[in-house]
Every structure is written in C-alpha cells, then in structure tokens.
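In what follows, a structure is listed as structure tokens, so that the remarks can point back to it.
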There are 2 protein chains.
Amino acid sequence: MDADHRSGCPINLTLEMLGDRWSLIVIRDVMFGDRRHFRELLTQSEEGIASNILAARLKRLVAAGLLTKEPDPSHSQKAVYSLTGPAIELVPLIAQMGAWGRRHTPVSEELSIRAQLLEEGGPKLWAGFMDELRHIHLGAPKPRRSVLAELQAAYERVVAENAAKRKRGR
Amino acid sequence: MDADHRSGCPINLTLEMLGDRWSLIVIRDVMFGDRRHFRELLTQSEEGIASNILAARLKRLVAAGLLTKEPDPSHSQKAVYSLTGPAIELVPLIAQMGAWGRRHTPVSEELSIRAQLLEEGGPKLWAGFMDELRHIHLGAPKPRRSVLAELQAAYERVVAENAAKRKRGR
DNA sequence: ACAACCGATTGCGAAACGCAACCAGTATTA
DNA sequence: TAATACTGGTTGCGTTTCGCAATCGGTTGT
C-alpha cells in the first residue's frame, strides 16, 4: 500500500479524498446548482464558504481528478470548473447522503425537496441525471429528460408554496 | 434554521455530523468488524487512530445519537459501544461509498472484497445486513442469514488466496 | 478614466490533528 | 500477595487546518 495512504480500504480512501466539511459541498453546488465559476461558488453558496478555503478545495479537487479547470473563452480571466466522470459517479453516494440527512437531521423543507425526489426516483433517475451531467460537463449527447430542471422546478414550487403560507399566516 | 448549523441542506447537515476523516472509520469498524470496546477500536484499526482522537470521536458520536455506550457486565471497567438505528441506516451510504472508492481509488484487493459483495448484493442484501445489525446492536430478533459472516468469510478467502499466490511467487 | 468584477492570496487567531507519554482502576497470573 | 497486563481514557505539545477579513493585480464594461 502507498505510504501516503492510511490503508487500502475503499471507505478510508474515499474519506481521505472527500472526508472534510467542504469538498462535497463544492461538488454539490457544481452538480446541482450548475455553479461553474469561482465567484458563483463563493457567493451563491448556502453555507458561506470562505474564499481561501474555496480556492484550496478547488485546487485539491482538480488535483484529485474530480474537477477540471479550463479558461473561459468569453473572458480571459474567467475559469470554468467542470465535473469529471468520477465526480459524476458520486451521484448515488450523494443521493444516499441526502436521503439519510433527510431522515436523521433537522433539514429545511425547501432544501430537502431535491433529496426527496432523488431518493424517490431511485437508481433509474440517478442514471438519467448522470447522463445529463455528462452532457453538461463532458460534452456527451444531450438526453431527452432534464432531471436538473425537474429538481429546480420542484425547489421553486416549494419556495413559492412556503412564501404563500407565510403570507397567509401573517 | 438553527444558529448552530451552516444550512438546512441534508448534504450539509450530514457532512456536519460525519464529514471528517475519522467518524465513519469508527462506525465502519463497529459495523463490519464488530469492534465494541475502546481498545479493539484503538489497536485493531487498519488506519491507526490515536487514542485521544478516538475518545473524542466516540464522545461526539454518542452525543450525536449514532452510538450508545453501556457498561459491560462482565468487566466493571469495560464499556460497550453499540450502533443506534440511525447509524445502522448508514449502510446504504457506506455501501455506495465503498462502491465509489473501489472504482476510483487505489484500493487493496483484500480490503475491498467486502465493498464488492455489498455492491453486488444491492439494496436487498443491505436490508438483510441492517436486520442483522439490529439484532446485534439493538436486540432485535436474529435473522436467518448472516451477511456479516459471509463478508468475513469472503475476506478470509481472499487473504488466504493471496498468501498462496505470494508463496508460489517466491 | 473609472468602477465593477475576475480568481484568487495574505495575515492572523482559533480549532483540530497527530504523536507520545502517562494515569487510575480492575482483572489475571505467578 | 505481589507483580503484570489490560481497561477506558487524559494530558502535553508541536503541527496543520479552519475560518474570517482584508487585500491584490489583472480584466471588462461604461
């Protein structure tokens, strides 16, 4: 086993790569929020990541082969971050993580609707979503169905419902 | 949303609870290695956790409701750690994590055979394994099939095979 | 010319990590 | 009964990481 790894256990090696409080948050935002630029990830994150932490995480994730960084042709300074194949294959893990969190942590309804749909959709939906991510991030052919749009629409529906509820409640 | 949480997103809340380099290692060892005592977790861990880190993690996991700590009747000083229901329901997440690690990290064959069987078995096997964990840790009725024994047997078979290979190779 | 925006970097205090030594109480053994 | 080993930890200490705020040089749009 490599000297730079604690063990060859798949759980351990995955934790060595993703076992911290920010890496999967960044991947989640690229994956579900389609945030491709540094500033988008910095300012539109629910959790408020600091810029130095974000820079460090992006660097590590690129080095680990989970993200790629390319110059944006439309802006000589802009960088575009994309998911790689391995990162896209994290979808089942993230779906299970969302499902567990939804059951066992104090989630907000609005932010857990995506996790609910992803759980209810099961492996078939995940596969469709992964196809869509391969289209967006890897240039694969465009699938008919857009899971991303469905998740976003459901989220907005819940936000609107809750806004209406709050209005009635006042 | 609570002031002590970064956001109500299920991914984030799960990471706040388990997003570090040791918590899931400890749960893995209790779950798959049936290590129930401090010393077992300390010395029989592949990764070599430090005793102060282990003590801190056990305390946190008990506080988070993922483990329980009880005195061992056979030894007035011994403590027994058990998985709770929520921890047992991490099985699908851990299975997906093992499956991903097996594909995308430099795992050792011996330590990844369990992940392979868990992946191939799918949700039905996971459910059987969870039933068995509920028997071991929560006193639920004993299921017919022992997934734990199957995983352990497969592991030992691979270890023996590789030992034979090494012997032939010399 | 100038303001806004781009992806970061720097400085700094606080917290977590990792290692080694150590501890008191309990059970086993000679 | 005295020594030994094992129990679940604790303590000290140096290193690394985290988290926050301010800042930076370069680019773009007005």
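Just so it is clear, the structure is predicted and the values come from calculations on it, not from any experiment. Throughout, protein chains are lettered first and strands after them, A, B, ... in sequence-line order, and every chain is numbered starting at 1.
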Could you check how far CG of A:Asn52 sits from C1' of D:dC20, rounded to whole Å?
8 Å
Could you state the atom-to-atom distance from CG of B:Leu42 to C1' of C:dC23 in whole Å?
15 Å
Strand-adjacent residues in residues 22-41 of chain A, judged by heavy atoms under 4.0 Å from DNA chain C:
A:His37, A:Phe38, A:Arg39
Using a 4.0 Å cut-off on heavy atoms, which residues in residues 56-80 of chain A reach DNA chain D? List them by number, or say none.
A:Arg57, A:His75, A:Ser76, A:Gln77
Using a 3.5 Å distance criterion without hydrogens, assess whether the side chain of A:Ser112 forms a donor-acceptor pair with backbone atoms of A:Ala115.
no
Run the side chain to side chain contact (heavy atoms under 4.5 Å, CB included) test against B:Lys142 and tell me which residues pass, sequence neighbours left out.
B:His135
Are side-chain N/O atoms of A:Asp29 and A:Gln44 paired as donor and acceptor at under 3.5 Å?
no
Between D:dC20 (C1') and B:Arg6 (CZ): distance, integer Å
14 Å
Check the distance between D:dG8's P and B:Ile53's CD1 and give it to me in whole angstrom.
18 Å
Using a strict cut-off of less than 4.0 Å between a Lys/Arg side-chain nitrogen and an Asp/Glu carboxylate oxygen, indicate whether A:Glu119 and A:Arg103 qualify as a salt bridge.
yes
Quiz question: by atom type and distance under 3.5 Å, do the side chains of A:Glu46 and B:Asn12 form a donor-acceptor pair?
no
Sequence-distant partners of A:Asp20, salt bridge (Lys or Arg N to Asp or Glu O under 4.0 Å), two or more places apart
A:Arg57, A:Arg60
Spacing between B:Glu47 atom CD and C:dC19 atom P, to the nearest angstrom
13 Å
Take atom CG of B:Leu54 and atom P of C:dA20, then tell me their distance rounded to the nearest Å.
16 Å
For B:Ala140, the side chain to side chain contact (heavy atoms under 4.5 Å, CB included) test, sequence neighbours excluded, returns B:Arg134
Starting at CD1 of A:Ile49 and ending at P of D:dT17, how long is that distance when rounded to a whole Å?
16 Å
Would you say a side-chain N or O of A:Tyr81 is under 4.0 Å from OP1 or OP2 of C:dC6?
no
Using a strict threshold of under 4.0 Å (side-chain N to carboxylate O), is an ion pair present between B:Glu150 and B:Arg145?
yes
With A:Arg21 via salt bridge (Lys or Arg N to Asp or Glu O under 4.0 Å) - residues at least two apart:
none
